[in-house]
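One structure below.
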Amino acid sequence: MMPELFKDWKITTLTFEIDTEPYAMQRDDAIEKLAKSCNVNVIKRVSHTLYDTEKTISKNGGSPPLTYQRLQTVLKEMGAPPKPSNTLTSSHLSVHVCLDCTTPWKEEFDEKYGVPTLAELGKNEEDCGPLLFPGGEMEALSRMERYLKKTNWICKFEKPQTEPNSLEPSTTVLSPYIKFGCLSVRTFYYRLLDIYNLNKVYTKPPVSLHGQLLWREFFYTAGVGTANFNRMEGNPVCTQVPWDSNPEYLAAWSEARTGYPFIDAIMTQLRTEGWIHHLARHAVACFLTRGDLWLSWEEGQKVFEELLLDADWYLNAGNWLWLSASAFFHQYFRVYSPVAFGKKTDKNGDYIKKYVPKLRKFPAQYIYEPWKAPKSVQAAAGCIIGQDYPKPVVDHDTISKVNIKRMAAAYAKRKEGQDFSGKSASPQKRRKESTDSSSKKKPKKDD
DNA sequence: TATTGGTTGTGTAT
DNA sequence: ATACACAACCAATA
């Protein structure tokens, strides 16, 4: 099809943004070869990330920074990120294209090559769920501007202080727009910088809004430089953990019937609205993996990939590695409680009542642990636990302590393996491809 | 080799 | 509100 289009549309140059996701790299390589074979010139540029991730990696000596601080140090050496390109206008095109010409292809364009309608895809609007976050660049820019107007809010933004279970999002929800290229990360970065420059006092990375863009950069950079980034096996930065396989537990988690109202509310919001707060992702990710169910983070990654509007290959993999304490984050003894965590910002359980309406008549005292309510209270609430709403799938207090020990064992094994492979004849490749840089070889001490 | 810091833990004490 | 125990991780740095 491409060769025909090149010919029909008299294409001489193809331009696109570099996409470093493994699937996209393969696809774009194939497209580039095809274009060149048709004598079509190809121009590609980095603009999806603040910096060229490959350059960042080579600046760091050939391997990606594994800590945020290290990334910050490297980026400071690299200077400010490139400014966003100017908006494309018709003047850019007028040289090459006659916009009001009457060539036949223009009439046929929509019919032949236009975006298919929902009906043509055999869908209707109900299949799409509530349209809380309509797509497109106009929507993205107006959403961004709406938040940028709140300069005080921008300057005081601290991510860890935002709430996972507010009834309206406590963060900007610009992530789906950034993911789909409706909003340039560089545009957002420099619009924020303008505001910071006009104010003496403002929060800083990692907690600030700039900091959030740097977290994105962190996972992109780490992922580009790490083999098998979205898997445990063959991933050199990922602690190898003997996760269980338990389809019932996995289904209970993914279908919002773990019996823990906070977890089930989050999974319901994810399923129905396609977006949940970052800290809500923490709570359910910890629950699925090292905290409670002891299931592989790769299973959670698949569910998020399917349900999140902002699902982004690098960020999804990177954050699952983080939350499961498989990479980047290693304090596995810090476990989120499916009962306590949500209470900090929603004592009454209004969030739970919204997304798990069966529980809406429970008193606040029991809303996070309805199985502890006396039978009379359950009856009065019109919801018998074990009948109308599930009993907890596991006992968090017991299982989380067991799991901490299992994590400790996995880490101990990892350490052993490192000592062993340090002198192994086939050391693990940390990079996808080795960068040629002067490697100083220290004489090894013998034992 | 030892030390330091790590976006976002919890429960109990002051 | 803030401090500490819990049990003690890692990567980067000095």
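These numbers come from a predicted model, not from an experiment. Residue numbers begin at 1 in each chain, while the letters A, B, ... track the order of the sequences.
- Between the side-chain ring of A:W215 and the base of B:dT7, a stacking contact exists by the 5.5 Å and 30° definition.
- On the C1' atoms, C:dC4 is 15 Å away from C:dA8, given to the nearest whole Å.
- The aromatic ring centroids of A:F157 and A:W153 lie less than 6.0 Å from each other.
- Among the nucleotides B:dT8, B:dT10, C:dC10, the one closest to the side chain of A:K344 is B:dT10.
- Rounded to whole Å, the distance from NE2 on A:H210 to P on B:dT7 is 18 Å.
- Summarising the geometry, atom NZ belonging to A:K353 is positioned 8.5 Å from atom CG belonging to A:D346; distances are rounded to the nearest 0.5 Å.
- Closest to the side chain of A:A340, out of B:dT10, C:dC10, B:dT8, is B:dT10.
- Candidate nucleotides C:dT13, B:dT7, C:dA8 were compared by shortest atom distance to the side chain of A:R70, and C:dT13 ranks first.
- For the pair A:R334 CZ and B:dG6 P, the computed distance is 11 Å after rounding to whole Å.
- Considering only side-chain atoms of A:K159, the nucleotide from C:dC9, B:dT7, C:dA11 that sits closest is B:dT7.
- The A:Y332 side chain lies nearest to C:dC9 when the options are B:dG9, B:dT7, C:dC9.
- Ring geometry, A:H210 versus A:Y189: the interplanar angle falls under 30°, so the pair is classed parallel (tilted spans 30 to 60°).
- Going from atom CZ of A:R290 over to atom C1' of C:dA7 covers 15 Å, rounded to whole Å.
- Dashed line: the shortest gap from a side-chain N or O of A:R216 to OP1 or OP2 of B:dT7 is not under 4.0 Å.
- You'll find that the side chain of A:T73 is closest to C:dT13, out of B:dT7, C:dC9, C:dT13.
- C:dA8 makes up no base pair with any nucleotide shown, lacking Watson-Crick or G-U wobble contacts both under 3.5 Å.
- Between A:F287 and A:H396, the distance from one ring center to the other does not fall under 6.0 angstrom.
- What separates NZ of A:K156 from C1' of B:dT7 is a distance of 20 Å, to the nearest Å.
- Looking at heavy-atom distances under 4.0 Å, A:E158 makes no contact with the nucleic acid at all.
- Checking A:Y249 against A:D244 by side-chain atom types alone, no donor-acceptor pair falls below 3.5 Å.
- Residues A:S63 and A:I57 have side chains not in contact (no heavy-atom distance under 4.5 Å, counting atoms from C-beta outward).
- The same atom, P, is picked in C:dA11 and in C:dA7; the two are 23 Å apart, to the nearest Å.
- Partner assigned to B:dT8 is none, using Watson-Crick or G-U wobble distances below 3.5 angstrom.
- Residue contacts shown for A:F341 are limited to sugar-phosphate atoms, with no base heavy atom under 4.0 Å away.
- The P atoms of B:dT7 and C:dT13 are separated by 13 Å, rounded to the nearest whole Å.
- A:Y368 has its OH atom 12 Å from the P atom of B:dT10, to the nearest Å.
- The separation of B:dG5 from C:dA3, taken at their P atoms, amounts to 16 Å, rounded to a whole angstrom.
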> For A:K159 and A:Q212, what are the C-alpha separation, side-chain angles and deciding distance, and is it a side-chain hydrogen bond (donor to acceptor under 3.5 Å, both in side chains)?
Replying inline: CA-CA 8 Å; A:K159 186 61 170 284; A:Q212 304 315 301; 3.2 Å; yes
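- Between the NZ atom of A:K405 and the C1' atom of C:dC9 there is a distance of 16 Å, rounded to whole Å.
- Rounded to whole angstrom, the span from the CD atom of A:Q331 across to the C1' atom of C:dC10 amounts to 8 Å.
- Distance from the side chain of A:P206 is smallest for B:dT7 among the nucleotides B:dG9, C:dC10, B:dT7.
- One can place CH2 of A:W322 at 11 Å from C1' of C:dC10, the figure rounded to the nearest angstrom.
- When distances run from any side-chain atom of A:F333 to the nucleotides C:dA8, B:dG5, B:dT8, the shortest one goes to C:dA8.
- When heavy atoms are screened at a 4.0 angstrom cut-off, A:V207 is found touching base atoms of the nucleic acid.
- Dashed line: the shortest gap from a side-chain N or O of A:Q161 to OP1 or OP2 of B:dT8 is not under 4.0 Å.
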